Amino acid sequence: MSTLTHSGKETLPALLEACLRAGFDASQAQLIRALDNGIWRLPGGIVARVHQPGTVASARTEIRGTYWLYGNGVPVPLPRRPEPLLAEGRPVTFWTDLGPGIPANPAEVARMLRVLHHLPKPTDFTLPIHDPFARFPAQIAAASTTPEQKDWLTAHASRLREQWAALDWPTCSCVIHADAGPGNTMTTAAGTFLIDWERLSIGHREWDQATAAWHRDVFGASPDDYAAFAHVYGNDVANWPGYPVIRDIRSLCTTLFALRHATASPEGRAEADHRLACLRGTAGPAPKPWSARKWQWARPAVPDTVPAR
């Protein structure tokens, strides 16, 4: 059995406690992903998600929301329990395991988002209003960087908030995923799914559309992929004057993500510093595209497994 990564060790106590209370077998739990949340595969076709502390409300909304989404024809994994369990200060939720898969192709993502964005807003429960700035203060405080850099990040977030408030949205608000990047989509033997709905909210569809354009512009994703997305969705959000504001907010968000995980490896440190330099305009006239993987925790060749007890 392989040795657990640092982030796996952080979420393991909560996983074991929650599984004991829920009656699920954690003896052969395998770590799928360990970033802000710990995602674990359990025996019996179950995936456990160990959320960050202080996120009980969003975990409840995610569960309630996915039942509602499923009932309205959106392909989602279903919860295995109707409420999160609080264990070791962290909400833990349990989901149907979709099995192995790959990110969905952009055209399929566009098709699923069109369905989502045309749903009527739910009437039997309340979704939060999308606020991309809500987590920034805590994320800046947790960033692995200097006090001067944190002051700059705080000021940058304030400038972006002013630009966000001044946006002239071309459409009405609707239900959005709010984080529909490649890592939150899956194509499996059972079909194509949108996953990880912890930011499910009421917002503007341009935010979800902009994710695909942002991956093209910042991460160097294929222009053909974005063209396919825009064609199927029926709109090229990059032509909207407000798109650069969303692009810059998303870039700040993912830079803060990289800075929180910069201690994972030398490559992660270099990637986080590169992103910050790009934001500050000090990365040169033609900076290289950002890497979507270098900030991740070092992973073994096989999935992490809970050591035999």
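Quantities reported herein were computed from a predicted structural model and do not represent experimental measurements.
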Sequence neighbours excluded and cut-off under 3.5 Å, please list the side-chain donor-acceptor pairs for residues 236-243, or say none.
| unit_1 | atom_1 | unit_2 | atom_2 | d |
| --- | --- | --- | --- | --- |
| Asp236 | OD1 | Tyr226 | OH | 2.6 |
| Asp236 | OD1 | Ala238 | N | 3.0 |
| Tyr243 | OH | Ala213 | O | 3.3 |
| Tyr243 | OH | Trp214 | N | 3.2 |
| Tyr243 | OH | Asp217 | OD2 | 2.6 |

List the atom pairs, donor and acceptor, that lie under 3.5 Å between side-chain atoms in residues 70-83 and the rest of the protein, sequence neighbours left out.
| unit_1 | atom_1 | unit_2 | atom_2 | d |
| --- | --- | --- | --- | --- |
| Asn72 | ND2 | Trp68 | O | 2.9 |
| Arg80 | NH1 | Gly45 | O | 3.2 |
| Glu83 | OE1 | Arg60 | NE | 3.0 |

Using residues 15-22 as the side-chain source, report each donor-acceptor pair under 3.5 Å to any protein atom, sequence neighbours left out, with the distance given to one decimal.
| unit_1 | atom_1 | unit_2 | atom_2 | d |
| --- | --- | --- | --- | --- |
| Glu17 | OE2 | Arg21 | NH1 | 3.1 |
| Arg21 | NH1 | Leu86 | O | 2.7 |

Could you pull out every donor-acceptor pair under 3.5 Å between side chains of residues 186-207 and any protein atom, sequence neighbours left out?
| unit_1 | atom_1 | unit_2 | atom_2 | d |
| --- | --- | --- | --- | --- |
| Thr187 | OG1 | Thr192 | OG1 | 3.3 |
| Thr188 | OG1 | Ala190 | N | 3.0 |
| Thr188 | OG1 | Gly191 | O | 3.4 |
| Asp196 | OD1 | Arg49 | NH1 | 3.4 |
| Asp196 | OD2 | Arg33 | NH2 | 2.6 |
| Trp197 | NE1 | Leu194 | O | 2.9 |
| Glu198 | OE2 | Asn37 | ND2 | 3.4 |
| Glu198 | OE2 | Arg49 | NH2 | 3.2 |
| Ser201 | OG | Arg199 | O | 3.0 |
| His204 | ND1 | Thr171 | O | 3.2 |
| Glu206 | OE1 | Thr171 | OG1 | 3.0 |
| Glu206 | OE2 | Thr171 | OG1 | 2.8 |
| Trp207 | NE1 | Ala178 | O | 3.0 |

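In this structure, Pro289 and Gly220 approach most closely via the heavy-atom pair CB-N, 4.0 Å. Minimum interatomic distance between Ala283 and Pro287 (heavy atoms only, all atoms of both residues): CB-CB, 3.8 Å. Across Ala180 and His177, no two heavy atoms sit closer than the pair N-ND1, 3.3 Å. Across every non-hydrogen atom of Ser251 and Leu279, the tightest pair is CB-CD2, 4.0 Å. When all heavy atoms are compared, the tightest approach of Thr66 to Ile63 is OG1-O, 3.0 Å.
Side chain of Thr254 to main chain of Arg250: no donor-acceptor pair is present (N/O by atom type, distance under 3.5 Å, no hydrogens or angles). Although no hydrogens or angles enter the test, the distance criterion places a donor-acceptor pair under 3.5 Å between the side chain of His274 and the main chain of Lys288. A distance-only check finds a donor-acceptor pair linking the side chain of His118 to the backbone of Arg114 [under 3.5 Å]. Between the side chain of Ser58 and the backbone N or O of Thr55 there is at least one donor-acceptor pair closer than 3.5 Å. At distances below 3.5 Å, at least one donor-acceptor pair connects side-chain atoms of Asn184 with backbone N or O atoms of Asp179. Glu271 contributes a side-chain N or O that, together with a main-chain N or O of Ser291, makes up a donor-acceptor pair within less than 3.5 Å. His156 places no side-chain N or O within donor-acceptor distance of the main-chain N or O of Trp152, the cut-off being under 3.5 Å. Side chain of Arg90 to backbone of His51: a donor-acceptor contact under 3.5 angstrom is found.
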Check the pair Val50 / Trp40 against side chain to side chain contact (heavy atoms under 4.5 Å, CB included), numbers first and verdict last.
CA-CA 8 Å; Val50 183; Trp40 296 81; 4.1 Å; yes
Worked check of side chain to side chain contact (heavy atoms under 4.5 Å, CB included) between Thr154 and Gln149
CA-CA 9 Å; Thr154 299; Gln149 300 277 39; over 6 Å; no
For Ile46 and Thr96: C-alpha separation, side-chain torsions, deciding distance, then whether side chain to side chain contact (heavy atoms under 4.5 Å, CB included) applies.
CA-CA 5 Å; Ile46 299 170; Thr96 298; over 6 Å; no
Please report the C-alpha distance between Leu113 and Phe229 in whole Å, then the side-chain angles of each, then the deciding distance to 0.1 Å, and finally whether the side chain to side chain contact (heavy atoms under 4.5 Å, CB included) criterion is met.
CA-CA 10 Å; Leu113 288 177; Phe229 175 94; 4.0 Å; yes
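Distance NZ/Lys121 to SG/Cys172: 7.5 Å, rounded to 0.5 Å. Taken from CG in Leu153 to OG1 in Thr145, the straight-line distance is 7.0 Å, to the nearest 0.5 Å. To the nearest 0.5 Å, the span separating OG1 on Thr185 from CE on Met112 amounts to 6.0 Å. Once rounded to the nearest 0.5 Å, the distance linking CD1 of Ile176 with CG of Asp208 reads 5.0 Å. Atom CG in Asp97 sits 8.5 Å away from atom CG in Leu42 (nearest 0.5 Å). Distance check: His215 NE2 to Arg247 CZ gives 14.5 Å after rounding to the nearest 0.5 Å.
Looking at residues two or more places apart in sequence or on another chain, you find a ring-ring contact (aromatic ring centres under 6.0 Å, His included) between Phe136 and Phe133. Under the ring-ring contact (aromatic ring centres under 6.0 Å, His included) criterion, Trp95 pairs with no residue at all, not counting sequence neighbours.
A salt bridge links Glu108 to Arg111: one of the charged nitrogens lies within less than 4.0 Å of a carboxylate oxygen. The pair Arg280-Asp273 fails the salt-bridge criterion, with no side-chain N (NZ, NE, NH1 or NH2) lying under 4.0 Å from an Asp/Glu carboxylate O.
Residues Ile39 and Val47 are in side-chain contact: their nearest non-hydrogen atoms beyond the backbone lie under 4.5 Å apart. Side-chain atoms of Glu62 and Pro84, non-hydrogen and from C-beta on, never get closer than 4.5 Å to each other. Within the 4.5 Å cutoff, side-chain heavy atoms of His261 are placed close to those of Asp36.
Both Leu160 and Leu259 belong to a single network of hydrophobic side chains, linked directly or stepwise wherever heavy atoms of I, L, V, M, F, W or Y lie under 4.5 Å apart. Tracing side-chain contacts under 4.5 Å through hydrophobic residues (I, L, V, M, F, W, Y), one never reaches Ile102 starting from Ile32; they form parts of separate clusters. Using a 4.5 Å cut-off between side-chain heavy atoms of Ile, Leu, Val, Met, Phe, Trp and Tyr, with links allowed through other members, Trp169 and Val175 fall into the same hydrophobic cluster. Taken together through direct or relayed side-chain contacts under 4.5 Å among Ile, Leu, Val, Met, Phe, Trp and Tyr, Leu31 and Phe24 form part of one hydrophobic cluster.
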